[in-house]
Each structure stands twice: as structure tokens, then as C-alpha cells.
Number of protein chains: 2
Amino acid sequence: MSDPTGDEPGFALPLLLFAGFRTLIDRLHAELAAQGHPDLRPAHGFALQAIGRAGATASELGRRLGVSKQAAGKTADRLEALGYVERVDDSHDARRKVVRLTPRGVDALVRSAQIFEELRAEWAAALGAQRLRDMEAGLRAMTPGNFFRLDAPGWFTG
Amino acid sequence: MSDPTGDEPGFALPLLLFAGFRTLIDRLHAELAAQGHPDLRPAHGFALQAIGRAGATASELGRRLGVSKQAAGKTADRLEALGYVERVDDSHDARRKVVRLTPRGVDALVRSAQIFEELRAEWAAALGAQRLRDMEAGLRAMTPGNFFRLDAPGWFTG
DNA sequence: TAGAATCGTCAATGTGGTTGTCGAAAAGGT
DNA sequence: ACCTTTTCGACAACCACATTGACGATTCTA
């Protein structure tokens, strides 16, 4: 209004991006809670995604999440206590213990994917499909390409 | 709906938003570190912003950040140890101890604002000023209005 | 086969968050 | 003025999530 260009101040951009992220994640977990997964936290969702249907060892999980193997092991402990993963001995390597999704873990993953599709459809309906694609394309252009490294936790506090 | 248009999968949207946020914050702190503030972490930046030039009590800071007054007090302790804030007694209210920015704290805030402007200018140059404004407008439309509540930490883990 | 790398775990520590409690000080109602 | 309620800052205990360093056991490799 008073700004002749109408530009947002610079500090608003990261805040808006975070607000968008947070809004989506909050809605995801509200839905997951309503669908039988009330104990799942955002950090757990990232870990489940990183484990994947093929499973992973604690060390591998740590590499995928960008954290130490010890931290990954503790996260696996918590997910195990919540019933989302189980540990199985590897018959080919006595050192390895594979963290594998339980049926409950798979269910959470399937539902998450479904909910994300619905949320994206909401955004597409509100903004227009093309505007949403533009936004995604713009973000993809401004972020490091192989940014499917899910390492949110711990990064904030250092 | 199928996607003959090559739409992004739904789960990519939050990841892209987070990647954008993280990219900006990482660049901010790389710059801050180069400009004499290597110990400042993302969480600290949020707290400094919430304290502001007018200062705030621990309780008020807690309300602004959406955390308990105890947590806010600990964060103030940490910032005090790093030399970014100081505590002064309130002459009108013997209970209150106002957390106020030191010159170093003000310097960090000023530099942060400057860096954010530069980063936004980079995005505007790469995407086009209008596309960036569209992105910001879209995000503003999809996020709760008064989202200047800086409560990132703790939210993730619950 | 000896040496190096990897796996999972234990231990100690740092940071940031949460309740609950408490005394001191301010504010409010009668 | 007095008593009650609220607010403030602090302390204590605890939890979540990360770190580094060390360790025995196992596997890979030169």
C-alpha cells in the first residue's frame, strides 16, 4: 500500500515459507490423529519416510536423515515403542539389525501420502492449478536439487 | 484425479516449502557467521526478533514465542551468555526483569534484516519480481493471517 | 591372516522444551 | 486499608533430540 512496489519486506519470505510448511504439517498430523495415529509427531513422520518400505539399518537411517547413527538408533527406539517399526536380525550380517515398518507403520505412510494429495488439491483449488505449479517450480529452482534429505530435527538448534 | 499435466506429488509441496525456508535461513546464518556472529543459531534469531528493540520480560517473550516462560527464560540465559541480551531491573515493578538487546544484539538484528533483503532480491532476480510476489501472495492466502508468531522450536517434536 | 572399516550400543553432555512449585510483588475487590 | 488473586522470575525434575567418544563384535579387504 504505502510501499510503491508493494513488495513484501525481505524477512517475510522465510516466514511465509515456514508458515506454509507448518500449516501443511499441522493439518497432516491433525488428520493422522483423527485416523488412528495420535502419537505420531512430525519428526517421526520424517523418520518413517526415511526408513521406507524396504527398511534400513540405524546407520543407514542416520545417513539419510543427516544425523548420527546413535541419534537414529534412539529415534528407532521410540518408533519401536510406539509400534511403528520392528527390528529384525540380518541373516547375512550378524552386525546389522534392520529397522522395518510394521503394518501400522505402513498404514501411517499410506495415509500420509493420501492426505498430502488432498492438501495439495486444496491448494490447487484455492490458488489455481497453474499458480501452484508456478510456486512449486519456483521453489524447486531456488533450492538445492537433491533436497530429499529429510534432516529437519536438530538443524534448528545446532 | 490423474495427472496428465505432470503435477508434483502431494508430499513434495511441504518438502519444497521447507527446503526454501531452510535454504534462506542457512544462507542468513552463513552470512551472519561471516559478519561476526558465528555463534548465533536459527532459534536465537527468532528469539532476538521476538525480544525486539523495546525489550521484553521472560514471560512476555514466552507468550510471543508460544513457549512457557521457563523455556523463554532459559533462552534468554543462553543469549545473555553469548552477549546478545542483558537483564535490567524494572524500576516500576520489582518483579520484572526486562531482557534488552545489547549493542551486539542490535547489530545482529540489523544485519539480519539487511541480509534478508539481499536474499529476497536474489530470488526476485532469478524468478522475476512478479513471480516472487505471486508466490508470497499465494502463501499469504494459504496461511493463517497473523502468522507473526515466531514459534518454531519445540513444535516439531511436540 | 592381519588390519581396517562398519554395526549397534553405552555413556556423558548440551540445548530446548515441559510441568509443578514457590516466594515476592503488584493489582483488584469489598 | 485489607485480603485475595494474579503475575513475575526462579528452582527442580523430567523428557526429547541431538552431539562426541569409546567399545566389542563382525565383516571386508589388501
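Numbered from 1 within each chain, the chains take letters A, B, ... in sequence-line order. Since the model is a prediction, treat every value here as computed from it, not as a measurement.
Between B:Arg78 atom CZ and C:dG17 atom C1' there is a gap of 15 Å when expressed in whole angstrom units. Rounding to whole angstrom units, CG of residue A:Leu61 and C1' of D:dC17 are separated by 13 Å. One atom, CG of A:Leu82, and another, C1' of D:dC15, lie 14 Å apart when rounded to the nearest Å. The interatomic distance linking B:Lys74 (NZ) with D:dG9 (P) rounds to 16 Å, in whole Å. B:Lys69 places its NZ atom 20 Å from the P atom of C:dG16, with the value rounded to the nearest Å.
Both A:Glu60 and B:Ala72 lie close to DNA chain C; mapped to their nearest nucleotides by heavy-atom distance, the more 5′-ward contact belongs to A:Glu60.
By the side-chain hydrogen bond (donor to acceptor under 3.5 Å, both in side chains) test, B:Gln35 is found to be paired with B:Glu31, B:Arg111, residues two or more places apart in sequence or in another chain being considered.
Taking the six-membered ring for Trp and thresholds of 30 and 60 degrees, B:Phe18 and A:Phe21 have ring planes inclined between 30 and 60 degrees apart.
A salt bridge links A:Asp77 to A:Arg87: one of the charged nitrogens lies within less than 4.0 Å of a carboxylate oxygen. Under a 4.0 Å N-O distance rule, the pair A:Glu136/A:Arg131 does not qualify as a salt bridge. Using a 4.0 Å cut-off between a side-chain N of Lys or Arg and a carboxylate O of Asp or Glu, A:Arg63 and A:Glu60 qualify as a salt bridge.
When each of B:Arg41, B:His44, B:Arg104, B:His37 is tested with B:Leu82 by the rule side-chain contact (heavy atoms from CB on, under 4.5 Å), just one qualifies, namely B:His44.
The side chain of A:Ala71 sits closest to D:dA18 out of D:dC8, C:dT9, D:dA18. Here D:dC8 is the nucleotide among D:dA13, D:dC8, D:dC17 with the atom lying nearest to any side-chain atom of B:Arg63. Considering only side-chain atoms of A:His44, the nucleotide from C:dG16, D:dC17, C:dT9 that sits closest is D:dC17.
Contacts between residues 84-102 of chain B and DNA chain D, counted as heavy-atom distances below 4.0 Å, involve B:Arg95, B:Arg96, B:Lys97.
The side chain of B:Ser59 contributes an N or O atom lying less than 4.0 Å from OP1 or OP2 of D:dG9. At C:dG17, none of the side-chain N or O atoms of B:Ser68 fall inside 4.0 Å of OP1 or OP2 (strictly under the cut-off).
With hydrogens and angles ignored, a donor-acceptor pair under 3.5 angstrom links the side chain of B:Gln70 to the base of C:dG20.
Note on A:Leu109: it does not cluster hydrophobically with A:Val98, by side-chain heavy-atom contacts below 4.5 Å among ILVMFWY residues.
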